[in-house]
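What follows is a short report on a single structure.
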Amino acid sequence: MKKILISALFMLMAGWSVAAVHDEDGSRLWLRFDNASTSASVSGVKGTAMTELQTYWQGGPVVLKKQKGMAQDGYTITSQGGKTVIAAANDNGLLYGAYHLLRLQQTGQSCANLNIKEQPAYDLRILNHWDNPNGTVERGFAGKSIFVNPDVNRMKMYGRANASIGINGTVLNNVNASPMALSAEQLQNAKFVADQLRPYGIRVYLSINFASPIKLGGLKTADPLNADVVRWWKDKVNEIYRLIPDFGGFLVKANSEGEPGPQDFGRTHADGANMLADVLRPHNGIVMWRAFVYAPQSPDRANQASLEFMPLDGQFRDNVIIQIKNGPVDFQPREPYSPLFTSMKKTQMMVEFQITQEYLGAANHLVYLAPTWKEFFSFVKPNSLRAMAGVANIGDDVNWCGHHFAQSNWYAFGRLAWNPALTSEQIADEWLAQTFDNAQCTMHNAQSAGTTEHCALKQVMLDSREACVSYMMPLGIHHIFAGIHHYGPEPWYAPRGVRADWTPPYYHRADSIGLGFDRTTAGSGNVKQYPEELCNLYNDINTCPENLLAWFHHVPWDHRMKSGRIFWDELCHKYDDGVHQARHFLAVWDAMQPYVDQQRFNEVQHKLRIQARDAEWWRDACLLYFQQFSKRPIPQDVEHPVHNLDEMMKFRIHIGMYVNPECGYTK
């Protein structure tokens, strides 16, 4: 606590104001611009870029100009003869340049002597919304859909927020798509949204149900090689483009988790994707075909995507992009990368990240995800991808994301989609500086003049993902969440009649010998899907990175770890470390009270208290459960559980509350 208070003192010395701060509700996100005190002098190309600068730019004259020969959506910002000149090949580039200039202003950086040249790493930078026609959001923790009965002002703010970080596409509906997404009524709604977002350079896309020709069109089949089916899709696509001339295309989840697909008719993923690509091609539309597929009979779900898609490598049209989750199972707090990214050589690919925290504490836990995505890019070269997609964490809550710090993940996704070389630290600095007053996250160490150190709050963000892994599933453990929701721990969940790969024991495989899924060459063989160097690394229990140990190995309880501890003791310490980190995050935030408006302070504090208690719940439930198999004591230097396992197993949870009916323990 003393260190936290000293950090707070450093912040005061570095310029954090202790003066009264007006309450805020988070609705302005990171765009907390003040209107220009006088009308800014902005000349040149008229459009949204000019409007934003005229409203918010506080500096000298700005000139917007079109310039041929520049990269799509790229821009330059230069200081010329007392003016700031933003040049781009198109309106979108001018808009991104305008927001870059405003970001410099907002973060307190010099706007003199500028010589900036930027262009996006990817042409397609897309949010996937899992929104349903009734307004609910699958894996959404921030209220209802913003696209069902859309509000004009909300759409404008959504467009501004996305444009400010370079996002240029949005999929309006759930990948578990209703056929009604293509009905006349729903297409009119999509047209309205598209009209609102177009000024901000955002194209709309739709998820489709592959069986729509049957369920919506009344045909007897959805076989992609059937002439009547092809004709139906051509007519539907033409109808869409009459309404939305710049429509982006389709996102497709097929033959996965019960969704219909071409395999239902004896065809391949390539057959289905190519048929849709051909009908979209005259309109310059694309197909994003998801590689999230797995079958209940598979001995290892992590192998399934490669088994289905590798034989099709090179068979997809050039306007088909295979959309692959960053890991081979399902957005776990930590996974190795999906081996498809390095094994498919002839097919366009895009990575699908999850911004919404389905497996990381929903909107209750502070988990900054940029380090997760940077970890992925340390294995997968950004230039091997065509695009990036992120499953959005946005709803109609006032603060958009359910947790004020969850906004940082939306922001980080956009910034990394623009430039994957940005560091987690750089993005956190930008977001904090724009979201909280005087929150530039460097400060001078009073005892070491001229040196800088991370501020405590930024360090919380940077440490939060690893802390979450520690108190949930350290050392490569994965998918031990409750079966009905994905919030709390239920490593024991295995009811009769539920397919094995929907239960935690399928993944943790705890027994008297050890813990973990054997994916070595002697096990499921998953390691063989990786390049030879990684295959050899992962296959040997003595060289496998310890943070993935139980992912690739059934680890003996007495396996000696690098710390010198046996695996069981290391597991106990990891869980306990995660709990203490979660408590530390709360203590750091408590010290921020003089520097943050009261509303946001209270709301974040409430969430951090939930997180600290949840961390204890995870630790106690998991250690008590796995102790049944290890038959070993919890080390004395680890905080011991205060509940019994039978008590932990009685908790019934909803997002934001769990209940033990007998003990009356609620949250």
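In this structure, L206 and L187 have side chains that are in contact, with non-hydrogen atoms separated by less than 4.5 Å. Contact check for L31 versus M157: side-chain heavy atoms found under the 4.5 Å cut-off. The closest side-chain heavy-atom distance from W233 to F250 is below 4.5 Å. Between L366 and W589, every side-chain heavy-atom pair lies at or beyond the 4.5 Å cut-off. Residues E466 and Q581 have side chains not in contact (no heavy-atom distance under 4.5 Å, counting atoms from C-beta outward). Counting heavy atoms from C-beta outward, Y625 and E490 have side chains that stay 4.5 Å or more apart.
One N or O on the side chain of N319 and one on the backbone of A277 form a donor-acceptor pair closer than 3.5 Å. The main-chain N or O of D501 is found under 3.5 Å from a side-chain atom of Y507 such that the two form a donor-acceptor pair. A donor-acceptor pair under 3.5 Å is formed between the side chain of N409 and the backbone N or O of V367. A donor-acceptor pair is defined here as one N or O able to donate and one able to accept, closer than 3.5 Å; such a pair exists between the side chain of R125 and the backbone of G166. K607 contributes a side-chain N or O that, together with a main-chain N or O of G402, makes up a donor-acceptor pair within less than 3.5 Å. Y506 places no side-chain N or O within donor-acceptor distance of the main-chain N or O of A494, the cut-off being under 3.5 Å. One N or O on the side chain of K374 and one on the backbone of P420 form a donor-acceptor pair closer than 3.5 Å. In this structure a side-chain-to-backbone donor-acceptor pair under 3.5 Å is present from N134 to T136. Remark: side-chain polar atoms of H508 are paired, donor with acceptor, to backbone N or O of P491 under 3.5 angstrom. Remark: side-chain polar atoms of R290 are not paired, donor with acceptor, to backbone N or O of A254 under 3.5 angstrom.
Side chains of H269 and E308: a donor-acceptor N/O pair is present below 3.5 angstrom, by distance only. In this model, a donor atom of one side chain and an acceptor atom of the other lie less than 3.5 Å apart for Q599 and E603. For E138 and N176, the side-chain atoms include at least one donor-acceptor pair closer than 3.5 Å. Inspection of the Y294 and D330 side chains reveals no N or O donor paired with an N or O acceptor under 3.5 Å. Of the N and O atoms on the side chains of Y359 and Q354, not one donor lies less than 3.5 Å from an acceptor on the other residue.
Of the listed residues (F309, F379, F376), just one forms a ring pair (Phe, Tyr, Trp, His ring centres under 6.0 Å) with F341, and that residue is F376.
A centroid separation of 6.0 Å or more is found between the aromatic rings of F517 and H479. Taking the six-membered ring wherever Trp is involved, the centroid distance between the rings of Y158 and F147 falls below 6.0 Å. Between F481 and W618, the ring centre distance stays below 6.0 Å.
In terms of the ring pair (Phe, Tyr, Trp, His ring centres under 6.0 Å) criterion, residue partners of W410 (sequence neighbours excluded) are, by chain and number, W30, W400.
Contact check on E335 versus K325 returns no salt bridge, with no Lys/Arg side-chain nitrogen under 4.0 Å from an Asp/Glu carboxylate oxygen.
Residue pairs meeting the ring pair (Phe, Tyr, Trp, His ring centres under 6.0 Å) criterion with at least one member in residues 160-187, sequence neighbours excluded, do not occur. Residue pairs that meet the side-chain hydrogen bond (donor to acceptor under 3.5 Å, both in side chains) test with at least one member in residues 195-211, sequence neighbours left out, are K191-D195, D195-R198, R198-D246.
The two atoms that bring R465 and Y368 nearest to each other are CB-O, 3.7 Å, heavy atoms only. Taking each heavy atom of I165 and W418 in turn, the nearest pair found is O-CB, 4.4 Å.
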